[in-house]
Amino acid sequence: MRRLVSAALVIVFAPALRAQPAPYDFAQSQTFLTTYCQACHSGKSAVGGFDIERLSTESSLTAEANKWTAAVRRLHAGEMPPKNAPAPTLDTRQRFADWANATLRAQACGAPGATLTPAHAPLRRLNRDEYTATIQDLFDLHLDIGSALPLDGAGGEGFDNAAETLFLSPLHSEKYMEVAKLTVDFAAREHKSRQKVLIAHPGPGVSPELAARRVLTALLPKAFRRPIAAAEVDPYLALYRAARAEGQEHEPALFYAIRGVLVSPLFLFRIEPPNPTAAPRPLDQYSLASRISYFVWGSMPDELLFDVAARGKLHDPEVIRQLLPRMLRHDRAEVFARRFIEQWLHTRDLQGDKAPDPQLFPAYTKDEDLRGDIRLQPVYFFREILSRNLSLLNFLDSTHTIGTRHLARHMDLKLPLNPNANTQPHWVELPPNSHRGGLLGMPAVQTVSAYPYRTSPVLRGAWILESILGTPPPAAPPDVPALEDAHNPAAAKSMRERLERHRSNPVCNSCHSRIDGLGFAMENFDVIGRWRAEDAGKPIDAKGELADGATFEGPDGLKAMLMARKDLFLRNLTRKMLGFALGRGLTLRDSCTVDEIVATVKAKNYASHALVEAIVLSTPFRYQAPAETGRGARARPPDPAAKRKLGP
């Protein structure tokens, strides 16, 4: 059910981009459900066991909130009503969804000033990136050790650190055993790793077993990211003894025991002590340290964070306000920038099915340096915004960008690059009228929102609605006619003319009136983000219009329009980053936290540090939900290290 609630949130936070009609009410919602849902969802034979009678009272908005959100999600996705059944218009469907979500949100948040109850934090393992970074920090190994692990799918708010997808499959178990062996093999040979791990050696007054115990006693608190009891060392010392009994020398036996540490659930999972009480409570210090570190760095806490946790200071807001700027300026924050940006903007796909056609765009395909600079430009842009504590509105428009020699040539701009390091990413001022400020001026965004072989105002408009405004368009109705092929002599030549013919169909126009105007404003950029003045031999017409009648022209006009709706953008960014920080899909109760964070960031002039700080200080991030009972209760996974032979 939580997944259904989370999916419905894509429209909870979205004020309409059009003039508002008369207020909607509960009675109108019942008319909507009766007209479009009752035929399939009533009585004993209700499809899927979902009877809309359960939604017939106003109290159902609280008692059956999950059913309401499931209905809204399926309506928005175009899954209901079924094909050939009477269907509401886009506006009718949107008004119902807007009302339902606003009402559900008000019910979840309660009265202003009410105490928020955090949602339950699901147990989850480290994803592939987190595992790699943790191994690197634990052993001082600069090796992409996690590349041997299976890829992690996206979940929650669209990120691969979401607990919903981070289950432990048999394949993962097998791969973790292999990678643990590979890790210790490298660590045993690397001087830096040996210095970091082997803090005790056999010698006068120190037996081999005592040295092994000292090494494991120092390693386990870092690996498990919390203090340990003396008895917790014993299972791993038993592995050391077993290896010694089979004839292994001291060091190989010790590294064999360390392999056991690396396949322990206490290492592989982010395990937080359960809350046994009936009320929310603050997280323990070490769990909070891990939450902060894996959010901002994607890895284990460093010594300073462990030390602050040991002194019991992490629940002090002033301490958090002092720690976060240091963490955000640290080199380790680059991992956060890359993971968040590439998944939020979908630019990871440039290495997959969004790669431009190599035959049509050889300039992109054959230049590896250019491809890398294009893909990383938004990442380093976000990195600079964080390290300099700049306004988040720079995402919408900015006087600066990230430049390199390759990017300057590709974008046909004269940028003030350092002549001695012009292949390195620079934070540079843009020349006047460059059209390149903000995310929408970056080739990575223009490429990921196009087809590999041509631009698409539809894809680009839908990308802006989803990624920037957080108001994704609904799924296309069934049997939508295809856009006319540009190579068809009978077809209109320009993209605008082809789309206008497509939109002449009323079924198509209901959605395209929201989407296309945004995308038309981006038509001066070709598939790989180069500026152009013509398309198919005709001048580019970059005028756009929204469903509410607002007009604009070109990327600069589009960015001005988005800036006028900056709070809608901020709400979407907040929702995305909160979901990333929590590592789960958001619930309706989390919408109340989003409201609070947005208000805080606005009051601090949209500063980037204000957003990160407000998330870390929020109730869902710092607190645990009351104890779960019944089927929802979770047990700690067993530790296989002391029960399984680790192999050769």
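Quick note: residue numbers are just sequence positions, from 1.
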Indicate yes or no: at least one non-hydrogen side-chain atom of [X] is less than 4.5 angstrom from one of [Y].
X      : Y      : result
Val308 : Val319 : yes
Val448 : Leu345 : no
Ser264 : Tyr236 : yes
Pro221 : Pro227 : no
Arg332 : Asp302 : yes
His172 : Arg125 : yes
Tyr240 : Pro208 : yes

Test of ring centre spacing under 6.0 Å for [X] and [Y]:
X      : Y      : value
Phe336 : Phe295 : yes
Phe381 : Trp427 : yes
Phe139 : Phe186 : no
Phe382 : Trp344 : no

Exercise for review: Quick one: do Arg584 and Glu157 satisfy salt bridge (charged side-chain N to carboxylate O under 4.0 Å, His left out)? Show the steps, please.
Suggested key: CA-CA 7 Å; Arg584 61 170 173 79; Glu157 300 307 308; over 6 Å; no
Where is the tightest heavy-atom contact between [X] and [Y], given as atom of each residue plus distance?
X      : Y      : value
Leu123 : Ala163 : O-CB, 4.2 Å
Phe621 : Ile615 : CB-O, 3.2 Å
Gln624 : Leu283 : CG-CD2, 3.4 Å
Gly583 : Glu164 : O-OE1, 4.4 Å
His120 : Ala627 : CE1-C, 4.2 Å
Glu232 : Leu266 : OE1-CD1, 4.3 Å

Hey, is [X] close enough to [Y] for a salt bridge, meaning N to O under 4.0 Å?
X      : Y      : result
Arg194 : Glu251 : yes
Glu130 : Arg124 : yes
Arg311 : Asp307 : yes
Arg226 : Asp284 : no
Glu209 : Arg244 : no

Review point. In terms of ring plane angle, is the pair Phe159 and Phe580 parallel, tilted or perpendicular, where the classes change at 30° and 60°?
Key: perpendicular
**Study point:** Parallel, tilted or perpendicular: rings of Tyr131 and Tyr176 (30°, 60°)
**Key:** tilted
Between [X] and [Y] (side chain of the first, backbone of the second, donor and acceptor by atom type, cut-off under 3.5 Å), is there such a pair?
X      : Y      : value
Ser290 : Ser287 : no
Thr165 : Gly153 : yes
Arg189 : Asp185 : yes
His609 : Leu386 : yes
Arg329 : Leu324 : no
Asn275 : Ala625 : yes
Gln343 : Arg348 : no
Ser591 : Leu588 : yes

Practice item. Show your working on salt bridge (charged side-chain N to carboxylate O under 4.0 Å, His left out) between Arg213 and Asp234 and close with a plain yes or no. Key: CA-CA 8 Å; Arg213 178 178 288 277; Asp234 293 343; 3.3 Å; yes
Quick one: pull up [atom1] in [X] and [atom2] in [Y] and give me the separation to the nearest 0.5 Å.
X      : Y      : atom1 : atom2 : answer
Leu262 : Ile135 : CG    : CD1   : 4.5 Å
Glu174 : Ser169 : CD    : OG    : 9.5 Å
Leu166 : Asp152 : CG    : CG    : 5.5 Å
Leu350 : Arg371 : CG    : CZ    : 11.0 Å
Leu328 : Ser387 : CG    : OG    : 9.0 Å
Ser608 : Ile385 : OG    : CD1   : 7.0 Å

Just checking, is any N or O donor in the side chain of [X] or [Y] under 3.5 Å from an acceptor N or O on the other one?
X      : Y      : value
Ser299 : Asp137 : yes
Thr117 : Tyr623 : no
Thr593 : Asp590 : no
Asn127 : Asn161 : no

Exercise for review: Can you establish whether the number of heavy atoms outside Lys196 located under 6.0 Å from its atom NZ is more than 12?
Suggested key: yes
Exercise for review: Would you check, one step at a time, whether the test salt bridge (charged side-chain N to carboxylate O under 4.0 Å, His left out) holds for Arg259 with Glu178?
Suggested key: CA-CA 10 Å; Arg259 284 170 57 189; Glu178 295 175 6; over 6 Å; no
Check your understanding: Sequence neighbours excluded, which residues qualify as ring-ring contact (aromatic ring centres under 6.0 Å, His included) partners of His201?
Key ->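 Checked His201 against ring-ring contact (aromatic ring centres under 6.0 Å, His included); zero matches.
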Review point. Any cation-pi pair here, Arg338 with Phe340, using under 6.0 Å and within 45°?
Key: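 Pair Arg338/Phe340 does not count as cation-pi.
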